[in-house]
*Asks:* 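The structure under discussion is supplied below as structure tokens; questions concerning it will follow.
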Amino acid sequence: HIDGGLGATSETSVYPYDRTFWEKDQSVSVVYGYNAVVKDCIISNSLADAIELGGKNVKIEHNFIMHSGSGAIHLSGIDYCEINNNYMFDSNINLLTGHNEGAIIYSNQIHDVHIHGNTIDNCLTGIGDMSDTENCRSTITDNVIQNFRTNGVDILISDAGGALFGKLL
């Protein structure tokens, strides 16, 4: 449980960044958390993802995330997650890190994600890479996504039938 007081920053590099990688340069990384919470934190100047999170029944709420080299929030291997009332500004500023699909990135096996009441400002894509058929049952409501360079929400339909299975907007 990370609750307030966290002032994570990675100010050791100079923009434009040297080659950094999303696998090792996150500010907060929880490989698999059960009932994990990241709340009321200020995270700035991440070399890659500001938060990478996997697990079951996780919450990311009321955080201020700015200047992330890759995504602000990177989800991987999630069973039920709430992302509520966060402010994400200036993400995807280092396109060399890899995994620059959006301020909120969907990786693999993402189930039952609720994204509500967030502000996403100045990013490559607001919510990106919802392209795997294993990523299902997401709700995205009442968010402000502005000043994006490609898409507000990026959903790639990759199954043969062309249906959008279990993805609710």
*Asks:* With sequence neighbours left out, write down each residue that passes ring-ring contact (aromatic ring centres under 6.0 Å, His included) with H114, or none if nothing qualifies.
*Replies:*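 Expected list: Y80.
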*Asks:* Let me confirm one number: the CD-CG distance from E61 to D40, rounded to the nearest 0.5 Å.
*Replies:* 7.5 Å
*Asks:* Quick one: side chain to side chain donor-acceptor pair (under 3.5 Å) partners of N57, sequence neighbours excluded?
*Replies:* N35
*Asks:* Side chain to side chain contact (heavy atoms under 4.5 Å, CB included) for I83 and K59? Distances and angles first, verdict last.
*Replies:* CA-CA 6 Å; I83 301 172; K59 292 183 181 181; over 6 Å; no
*Asks:* Look up atom CD1 in I115 and atom CD1 in I73, then write down how far apart they are to the nearest 0.5 Å.
*Replies:* 8.0 Å
*Asks:* Taking atom types as modelled, is there a side-chain donor on T125 or T150 under 3.5 Å from an acceptor on the other?
*Replies:* yes
*Asks:* Minimum heavy-atom separation for L75 and C81, please, with both atom names.
*Replies:* CD2-SG, 4.2 Å
*Asks:* Any chance the side chains of D49 and S70 put a donor and an acceptor closer than 3.5 Å?
*Replies:* yes
*Asks:* Report yes if some heavy atom in the side chain of I60 is under 4.5 Å from a heavy atom in the side chain of V58; otherwise report no.
*Replies:* no
*Asks:* For a quick check under 3.5 Å, do D90 and H67 share a side-chain donor-acceptor pair by atom type?
*Replies:*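 Yes, because at least one side-chain N or O of D90 sits under 3.5 Å from a partner of the opposite role on H67.
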*Asks:* Rounded to the nearest 0.5 Å, what separates atom CD in Q109 from atom OG in S76?
*Replies:*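 The CD atom of Q109 sits 8.0 Å away from the OG atom of S76.
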*Asks:* Take I120 and N143 through the side chain to side chain contact (heavy atoms under 4.5 Å, CB included) test and state the conclusion after the steps.
*Replies:* CA-CA 8 Å; I120 301 171; N143 297 282; 5.7 Å; no
*Asks:* Do D79 and H111 have a side chain donor and acceptor closer than 3.5 Å?
*Replies:*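 There is such a pair (donor and acceptor under 3.5 Å, judged by atom type) between the side chains of D79 and H111.
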*Asks:* If I take atom CD1 from residue I42 and atom CD1 from residue I65, how far apart are they, to the nearest 0.5 angstrom?
*Replies:* 11.0 Å
*Asks:* Excluding sequence neighbours, so at least two apart, what forms ring-ring contact (aromatic ring centres under 6.0 Å, His included) with F148?
*Replies:* none
*Asks:* Quick one: do V113 and I104 satisfy side chain to side chain contact (heavy atoms under 4.5 Å, CB included)? Show the steps, please.
*Replies:* CA-CA 11 Å; V113 175; I104 298 175; over 6 Å; no
*Asks:* Backbone N or O of V38 within a donor-acceptor pair of the N63 side chain at under 3.5 Å?
*Replies:* yes
*Asks:* What is the distance from atom CG of N84 to atom OG1 of T141, rounded to the nearest 0.5 Å?
*Replies:* 8.0 Å
*Asks:* If we ignore hydrogens and angles and just use 3.5 Å, is the side chain of N118 paired with the main-chain N or O of N86 as donor and acceptor?
*Replies:* yes
*Asks:* With a 4.5 Å cut-off on side-chain heavy atoms, are F89 and T119 touching?
*Replies:* no
*Asks:* Let's go through I78 and Y106 carefully: what are the C-alpha distance in whole Å and the side-chain angles of both, what is the deciding distance for side chain to side chain contact (heavy atoms under 4.5 Å, CB included) to 0.1 Å, and is it a yes or a no?
*Replies:* CA-CA 9 Å; I78 293 283; Y106 273 60; over 6 Å; no
*Asks:* Nearest 0.5 Å, please: how far is CG in N122 from CE in M66?
*Replies:*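 The CG atom of N122 is 13.5 Å from CE of M66, to the nearest 0.5 Å.
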*Asks:* Compare every heavy atom of I43 with every heavy atom of A50, then report the nearest pair and how far apart it is.
*Replies:* CB-CG2, 3.8 Å
*Asks:* Between R149 and S91, what is the shortest heavy-atom contact and its length?
*Replies:*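 Closest pair (atom of R149, atom of S91, distance): NH2-O, 3.6 Å.
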